[in-house]
Q: 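Sharing a structure here in structure tokens format.
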Amino acid sequence: MPPAAIECIRVTKRMSSGARVLTILAELDLSVERGDSVAIVGPSGSGKSTLLGLLAGLDRPTDGEVRLLGESLGELDEDELALLRRHHVGFVFQDFQLLANITAIENVLLPLELSGADGADERATELLQRVGLAERLHHYPSQLSGGEQQRVALARAFATRPPVLLADEPTGNLDGVTGGAALDLMYELREQAGSTLVLVTHDPQVAERARRRVRLVDGRIVSDERDA
Amino acid sequence: MKLAIALRWMRRESRGARGRMLYFTACLAVGVAAIVGVAALSQAIENGFRESSREILGADVSVDARRLLPPQLDEIAARHSGVERTDVLETASMVSALGPDGRARRNVLAQVHALTGRYPLYGDLVTEPAGGVAHLAADTALVPADLLRDLELEPGDEILIAGTPFRVAAAILRGPPQFGFSSMLGPRLFVSGEGLKRAPLLFVGSRVRHRALFALGDGATPGDVKALAADFASIEDAAYLDVDTHIDAGPGGRQSRRRLQSFLGRVALLSAIVGGIGVAQIVRAWLAGRTQSIAVLRCLGVRPREILLISLGHTTLLAFAGSSIGAVLGCGLPLLVDALVPNLVPGGLSVTFPAVAVARGMVIGVGIAVCFSLPPLLAIWRVSPARVLRADAAPLPAPRWIAVATALAIGGGVLGAAIVQSDKIAWALWFTAGFAVLVALLALGARALIAAAGLVPRRRLERHLAHGVAALARPGAGTIGAVVALGLGTMVVATMWLVETRLREGLLAQVPPGAPSVFLLDVQPEQRDGVRAALENAAALYVDEVPLVMGRIESIDGRPVDELVAEERAADSHTADSRTVDPSGAKRGPGDRRRRSLRSLTREQRMTTLETLGPSNRVVAGELWSDPDHLELSVEQGFARRLGLELGTRVGFDVGGKPIELRVTSLREVEWQSFSFNFFLVAEPGAFDGASTLYLASGRLPAADEAALQDSVVADFPNVSVLRLGKVIEQVSEMIGRTAAGVGALGTFTVLAALLVLAGAASATALRRRREIALLKTLGVTRAGVVALLATEFGLAGALGGLIGGAGALSLAWAFLTFVAEQSVDLPWSLLPIATLLCGLAAALSGLLASLRALRVRPIEALR
Ligand SMILES: Nc1ncnc2c1ncn2[C@@H]1O[C@H](COP(=O)(O)OP(=O)(O)OP(=O)(O)O)[C@@H](O)[C@H]1O
Ligand SMILES: [Mg+2]
């Protein structure tokens with residue numbers, strides 16, 4: 001059996017804020033199977049984003065081990081982590097994080113160019129068509145609305161068909177209707193790419209769409225439920 | 001990563017960064033323009049000299065001495081084919097127009113050159129009426145048109161040379177160029193060899209230079225020329241000859257020209273490095289604006305080193321562009337100078353493409369850009385990819401090698417640029433160290449002032465000032481760099497100005513109250529009383545007179561000088577040739593000093609006898625006239641060192657054919673700047689009794705009375721030359737002024753670069769500024785109000801730079817004047833407020849210009 005997509009083994013994250021040391025995540029164990037979709041929910045400040053950052057190797061745990069697609073992140077240096085993300089991880093953020101000085105299509109091209117894929121231009125154009133932005137290929141992020149920007153971000157995230165997709169409050173900055181549409185799009189793209197999805201949200205409706213829901217409070221998992 | 005992709009990313013990076021790129025390129029262009037410009041101009045000047053070197057020397061080979069030339073010259077010339085010889089006797093004399101009363105009128109000290117043979121051998125002597133030297137007979141002279149105008153004479157009139165009447169056969173419109181020291185000796189007249197004999201100028205001890213000019217004809221190769229020169233130089237017992245070829249000769253001033261050129265080159269280097277500070281600033285500000293993008297890129301899996309390479313590639317391309325623009329501008333400098341100052345050098349400028357200078361400028365420009373942008377770029381490693389999740393994610397700890405790399409990049413950049421520019425590693429090391437100390441001091445000053453600004457209670461301040469002070473004190477505003485750059489620029493210009501004005505003032509003030517201001521040369525023994533009377537009639541103060549004896553050293557401690565010379569030649573034969581081998585004259589080895597000592601060994605020396613020494617002399621070893629048994633000699637210590645003379649050394653002289661041996665009993669230190677007459681060799685009174693002696697009389701009188709004295713002396717004693725110190729000082733001071741003007745102009749480049757740094761910093765923070773301005777506008781501040789706010793902010797930073805630079809200039813000028821020029825200084829403190837104000841204004845202006853775009857933006861665009 002292939003290794004799980006994501007494994008957290010007794011992961012602890014502490015941060016010092018001034019003189020105090022905060023424990024943000026406490027000996028957290030979590031395993032996500034390939035192809036699964038997991039929503040991480042919990043009140044603000046419970047450590048959801050921190051956990052997501054650890055899963056992507058954007059940050060390192062104080063203690064414990066994170067494995068991504070079988071690789072133990074603690075053993076990789078910054079460069080190796082970067083390569084791992086380049087080829088295997090896609091991201092969607094609450095505030096989109098598009099590069100402001102390049103156009104929509106160039107933002108989508110970015111991961112394609114990085115991974116050295118052939119036919120990058122066609123793939124980027126096709127993706128932007130799929131998210132309904134065929135007319136806006138050469139617009140800069142500042143010329144797009146929030147919903148449009150998030151759609152560009154989705155196209156960018158799925159451009160290389162990453163095995164793992166991490167999303168932090170993808171609908172947090174969007175109104176209900178726009179958010180719902182973005183979510184539909186995300187699940188549709190995920191279906192086609194076959195990615196494992198880990199999604200952070202505090203919106204119960206968004207969480208409902210995932211097959212599994214993990215509830216975090218004060219850095220601990222308090223419930224873990226799965227659709228039948 | 002593939003190159004094509006990297007290039008594409010670089011292109012994308014340029015978008016929306018027009019301001020940044022503009023200032024980046026401009027910062028480099030200014031520095032490179034200065035470097036290439038100085039080198040191109042130097043090259044054009046040297047080319048001009050080289051192309052006209054035959055015309056300047058007037059020959060292929062010139063041989064000269066202060067005494068009759070040896071007969072072997074002709075034998076040697078005969079062994080080489082097609083050699084033509086012309087002889088020139090060069091002397092100086094008073095020349096005058098003949099007044100209606102039959103007495104001399106309007107006297108001028110002039111050079112008189114007596115020609116035997118065709119002249120000039122190369123170049124032209126253009127006269128009106130035409131004909132040149134064909135006009136010369138025993139009683140005619142060729143006189144420069146300018147001099148004729150001053151004397152109110154015309155061709156055909158009579159002119160007095162040393163009291164002897166000559167007819168002006170023609171006016172000289174243009175002749176072989178003279179420059180440097182010789183051009184300061186006065187206008188140059190030509191007479192014939194027989195003509196000179198008529199005038200009382202060829203007496204024993206007169207200041208005549210005998211010169212033979214040789215031409216080999218147009219077919220001669222440099223090798224032929226050097227061979228002839230080498231033959232002349234090897235004449236037995238004739239080390240007193242000065243042999244020059246048009247190839248190496250280089251006109252006398254070459255050494256000082258070189259020194260000036262390399263000094264200018266170093267000032268130019270400074271502006272390039274100031275430009276480098278600008279580059280660092282701009283890159284840093286750019287990176288600050290890109291932190292989030294870098295976090296996203298890292299999150300998407302781009303490695304820091306890939307981001308670095310792309311940024312560095314981008315920087316290098318821009319640096320290349322900026323340096324190229326600078327190089328083109330620099331290449332144009334000689335053309336500009338030629339247009340503005342057509343007669344800068346006698347031969348005219350000869351502009352060629354300065355390939356080496358361009359290469360040098362490009363290497364320095366690109367090198368400095370890369371080295372100075374590396375440290376800020378290394379911050380890429382510290383950008384945490386976690387910023388994509390939390391905007392305030394803590395920066396990553398810096399890898400230790402980054403600190404090392406930063407120091408290496410900056411230090412290496414400055415050192416490398418200095419080495420490339422000067423070719424001298426030792427100097428480059430000093431420069432780098434000095435620069436580091438200077439920048440550290442300026443930065444410390446800037447930091448202290450900024451910290452002080454932060455402490456000012458802002459609530460009490462006027463609104464605009466409060467904003468400006470707050471902006472200064474804001475962390476990470478890049479103010480320190482801009483202030484340091486501006487401080488450096490101001491310092492260069494202000495120091496130059498201070499040193500120049502003080503040096504000139506010092507020079508003019510240096511005719512000390514008790515010193516003579518007029519010197520009467522070549523007074524014959526029987527004219528002594530008359531000349532003294534003339535001085536006293538003119539109510540001159542401090543009238544004085546010293547005897548003058550010409551002699552040359554024949555032996556040292558009994559060993560003939562010729563033997564010593566031969567020994568020295570043998571010991572150092574390769575350096576003896578070096579001046580014919582190395583036409584560039586660039587490398588001056590140890591043989592140079594020896595050659596000089598060899599010359600002074602054998603040259604005709606002007607000596608005096610004195611009972612007591614003047615105030616500018618101090619005995620440092622032995623005792624004056626302390627040995628009753630021998631005739632004694634007192635030697636200037638540097639001269640003694642060069643010749644290896646010590647207390648007790650016996651020096652044999654040939655004075656007018658008579659051998660005299662003197663014993664060194666004292667060594668002296670001489671203050672040469674004192675403007676009184678000083679001698680290397682002073683003998684005990686009576687030592688030269690019987691030898692033909694001339695006298696040098698001097699006195700001090702008001703400048704207004706000098707002309708009258710000169711007229712009366714010339715009328716009664718035509719052979720006596722009158723030297724007015726005031727005029728000489730004026731000329732020297734003018735020369736210093738011209739040099740300083742050049743350096744000052746170059747210093748302006750540094751200020752310009754500094755202003756660009758400031759404007760660049762302003763434009764680089766345009767994004768932040770746009771938000772700020774938009775916010776202010778939204779809050780209801782009018783556009784004029786915003787302009788006033790910004791002007792105060794930039795103005796304050798500029799004023800700070802001016803203040804620091806001014807203070808630096810005062811200290812540097814003080815140190816230079818006190819320790820190097822050894823001159824007491826009275827520094828103008830008013831420089832501080834002036835520099836502060838000017839820099840403040842300039843900075844406010846350049847900052848506003850750089851913010852124009854941000855000012856125009858509508859609030860909604862910036863705030864969304
Ligand atoms: N660099 C840091 N320094 C100090 N405290 C931090 C740091 N990063 C996170 N924290 C703290 O850790 C806790 C968890 O933060 P995190 O961003 O993971 O919460 P979250 O669950 O994503 O909240 P939200 O739903 O509001 O996004 C918070 O209390 C936060 O203040
Ligand atoms: Mg969060």
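We use all heavy atoms of the structure for the numbers below, so side chains are in, but hydrogens, waters and symmetry mates are not. First the proteins, then the strands, lettered A, B, ... as listed; each starts at 1.
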Q: Pick from A386(B), A393(B), C299(B): which one has the most heavy-atom pairs with chain A under 4.5 Å?
A: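 The candidate making the most pairs under 4.5 Å is C299(B).
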Q: More than 12 heavy atoms of other residues, nucleotides or ligands under 6.0 Å from CZ of R220(A): yes or no?
A: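 Incorrect, the count does not exceed 12.
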Q: Please round to the nearest 0.5 Å and tell me the distance separating atom NZ of K48(A) and atom CG of L389(B).
A: 12.0 Å
Q: If you measure from CG on L58(A) to CZ on R387(B), what distance do you get to the nearest 0.5 Å?
A: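 Here the rounded value is 13.0 Å.
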Q: Which value, rounded to the nearest 0.5 Å, describes the distance between L300(B) atom CG and E113(A) atom CD?
A: 11.5 Å
Q: Would you find more than 12 non-hydrogen atoms of other residues, nucleotides or ligands less than 6.0 Å from E135(A) atom CD?
A: no
Q: Please round to the nearest 0.5 Å and tell me the distance separating atom CG of L114(A) and atom CD1 of I5(B).
A: 7.5 Å
Q: Relative to chain B, which segment of E106(A) carries a heavy atom at a distance below 4.5 Å: side chain, backbone, both, or neither?
A: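 Answer is both: backbone and side chain atoms of E106(A) are under 4.5 Å from chain B.
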Q: Which members of residues 160-167 of chain A, sorted by number, sit under 4.5 angstrom from chain B on a heavy-atom basis?
A: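 Against chain B, none of the residues of residues 160-167 of chain A fall inside the cut-off of heavy atoms under 4.5 Å.
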Q: Tell me, yes or no, whether the heavy-atom count around F320(B) atom CZ, taken from other residues, nucleotides or ligands under 6.0 Å, exceeds 12.
A: no
Q: Please step through side-chain contact (heavy atoms from CB on, under 4.5 Å) for the pair R12(B) and L99(A), ending with a clear verdict.
A: CA-CA 11 Å; R12(B) 290 178 195 162; L99(A) 295 189; over 6 Å; no
Q: Let me know if N101(A) has heavy atoms under 4.5 Å from chain B in its side chain, its backbone, both or neither.
A: both
Q: Would you give the length of the straight line joining atom CG of D95(A) to atom CD of Q292(B), rounded to the nearest 0.5 angstrom?
A: 7.5 Å
Q: If contact means a heavy atom pair closer than 4.5 Å, which residues of residues 77-85 of chain A contact chain B?
A: E78(A), D79(A), A82(A), L83(A), R85(A)
Q: Roughly how far, to the nearest 0.5 Å, is the CD1 atom of I102(A) from the CH2 atom of W9(B)?
A: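 Separation between the atoms: 8.0 Å.
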Q: Which region of S115(A), side chain (C-beta onward) or backbone (N, CA, C, O), has a non-hydrogen atom less than 4.5 Å from a non-hydrogen atom of chain B, or is it both or neither?
A: neither
Q: Is it the case that more than 12 heavy atoms not belonging to D118(A) sit under 6.0 Å from its CG atom?
A: no
Q: After noting the C-alpha distance and the side-chain angles of V296(B) and R156(A), does the key distance pass the side-chain contact (heavy atoms from CB on, under 4.5 Å) rule?
A: CA-CA 12 Å; V296(B) 173; R156(A) 182 179 73 183; 3.8 Å; yes
